[in-house]
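Take a look at the structure set out below.
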Amino acid sequence: MSTATAPIHGNYHGYYAKRSKIGDRRLALLSSEIFKGARVLDVGCNEGWVTCEIAQRWHADKVVGVDIDDMLIRAAWKRRRLVWSIQSPAAPSNNQAGTGGDSKGDEDIDPHYFPASFEHMFGALPNPPFQNHQVHTFPHNVSFRCADWVNGEIPEDLEGYDVVVAFSVTKWIHLNGGDNSLMRFFRRVFSVLKPGGVFILEVQLWDMYNKTRRLHPGLKQIYKTLKIRPDRFDEILQSIGFCPAERVGRPGENGFSRPIDLYRKV
């Protein structure tokens, strides 16, 4: 792989093809109450698989996926359309009755009702017409933005979040920007979380850095300067204002088994 095309930000295309296609194991470790009715930010959302699952199956009010790679964000919008197209129809709720719409509700939804081949053969279903009472219902409750979130705000930050999800991103932030960039990321997460909010962190351990630094000479140079190690993340996050980590598990296999920690903002 040439350095020009190397995924130096962790922006792998087709990344989730290597993982479970029916429910993310990391999300399965968490209480459904964490996301229910919440505003959620998914940092480093890649092609939007996790983002869409939180919006569709975990009943979040609003989920925003952000990624530095524009092509991944385009794929995430396509993922949203696919997920909508293959979920089961649902009877309209009471407040939908009589509206004349055929929108799917978000209760008792089977997310894999239709085979994905239907969407490939016949095309995606159009998104349902937006109605005010559906603002917190999939697919209206999920959106995506291309941005370098560590170094700049997005409009949704202004309202704050109840949950920030960071799956498989700390190593990439660290190797691209050094210790200062990692600290900036942690402080940014704390600043946008509402009081009592939750930071869900998948910790990429130090031994994972060695292989990654070979992707690009720039990563290798920054690697040599790093002083912070992942085993200090808990100490650092507590110094910023988070409660001690709640270790919720270590799911996955074949190189994807990493600790999932939950931090609460005091």
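Being a predicted model, the structure only gives us computed values, none of them experimental.
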>> What verdict does the side chain to side chain contact (heavy atoms under 4.5 Å, CB included) test give for Lys62 and Ser143, after you've listed the backbone C-alpha separation in whole Å, the side-chain angles of each residue and the deciding distance to 0.1 Å?
In response: CA-CA 8 Å; Lys62 175 67 177 177; Ser143 62; 3.1 Å; yes
> Should we say atom NZ of Lys78 is surrounded by more than 12 heavy atoms from elsewhere, each under 6.0 Å from it?
Replying inline: no
How long is the straight-line distance from [atom2] of [Y] back to [atom1] of [X], given to the nearest 0.5 Å?
X      : Y      : atom1 : atom2 : answer
Leu182 : Asn176 : CG    : CG    : 12.0 Å
Phe185 : Thr170 : CZ    : OG1   : 7.5 Å
Arg213 : Lys171 : CZ    : NZ    : 12.5 Å
Trp84  : Glu119 : CH2   : CD    : 13.5 Å
Leu237 : Phe186 : CG    : CZ    : 4.5 Å
Thr212 : Gln204 : OG1   : CD    : 7.5 Å

Check: [Y] and [X] side chains under 4.5 Å, non-hydrogen atoms:
X      : Y      : answer
Phe167 : Ile260 : yes
Glu53  : Pro111 : no
Pro89  : Tyr113 : yes
Asp179 : His174 : yes
Leu27  : Arg57  : no
Asn127 : Arg80  : yes
Val266 : Cys243 : yes
Pro139 : Cys52  : no

>> Lys194 vs Glu159, test: side chain to side chain contact (heavy atoms under 4.5 Å, CB included). Steps then yes/no.
In response: CA-CA 9 Å; Lys194 300 175 183 178; Glu159 292 186 46; 5.8 Å; no
Tell me if a side-chain donor or acceptor on [X] pairs with a main-chain N or O of [Y] at a distance below 3.5 Å.
X      : Y      : result
Asn46  : Gly48  : no
Asn180 : Gly178 : no
Arg25  : Arg250 : no
Asp61  : His136 : no

Are [X] and [Y] connected, step by step, through hydrophobic side chains (Ile, Leu, Val, Met, Phe, Trp, Tyr) whose heavy atoms are closer than 4.5 Å?
X      : Y      : answer
Met121 : Phe114 : yes
Leu82  : Phe122 : yes
Met71  : Trp172 : no
Val150 : Ile68  : no
Val66  : Leu72  : no

>> Tell me every residue that passes side chain to side chain donor-acceptor pair (under 3.5 Å) with Arg264, counting only those two or more places apart in sequence or in another chain.
In response: Glu246
> In chain order, what residues pass the side chain to side chain donor-acceptor pair (under 3.5 Å) check against Asp261, with sequence neighbours excluded?
Replying inline: Arg247
Between side-chain atoms of residues 33-45 and protein atoms elsewhere (two or more places apart, or another chain), which donor-acceptor pairs fall under 3.5 Å?
from	atom 1	to	atom 2	distance (Å)
Arg39	NE	Gly160	O	2.8
Arg39	NH2	Glu156	O	3.0
Asp42	OD2	Thr51	OG1	2.7

Between [X] and [Y], what is the shortest heavy-atom contact and its length?
X      : Y      : result
Gly218 : His216 : N-ND1, 2.9 Å
Glu202 : Ser168 : OE1-OG, 2.8 Å
Ile109 : Ser88  : CD1-O, 3.4 Å
Phe199 : Ala166 : CE1-CB, 3.7 Å

> Between Glu47 and Arg79, is there a salt bridge with N-O shorter than 4.0 Å?
Replying inline: no
> Which residues pass the ring pair (Phe, Tyr, Trp, His ring centres under 6.0 Å) test with Phe144, sequence neighbours left out?
Replying inline: Trp77
> With sequence neighbours left out, what residues match Phe190 under ring pair (Phe, Tyr, Trp, His ring centres under 6.0 Å)?
Replying inline: Phe242
> Run the side chain to side chain contact (heavy atoms under 4.5 Å, CB included) check on Leu205 and Arg258 step by step: do they pass?
Replying inline: CA-CA 8 Å; Leu205 302 177; Arg258 303 160 187 165; 5.9 Å; no
Atom pairs and distances, donor-acceptor, side-chain atoms in residues 219-234, under 3.5 Å, two or more places apart:
from	atom 1	to	atom 2	distance (Å)
Thr225	OG1	Ile222	O	2.7
Arg229	NH1	Leu226	O	3.0
Asp234	OD1	Ala245	N	2.9
Asp234	OD1	Tyr263	OH	3.4
Asp234	OD2	Gln238	NE2	2.9

>> One pair to check against side chain to side chain contact (heavy atoms under 4.5 Å, CB included): Ile240 and Ile236. What are the steps and the verdict?
In response: CA-CA 6 Å; Ile240 291 172; Ile236 290 168; 4.2 Å; yes
> Between Asp157 and Tyr161, does any side-chain donor sit less than 3.5 Å from a side-chain acceptor?
Replying inline: yes
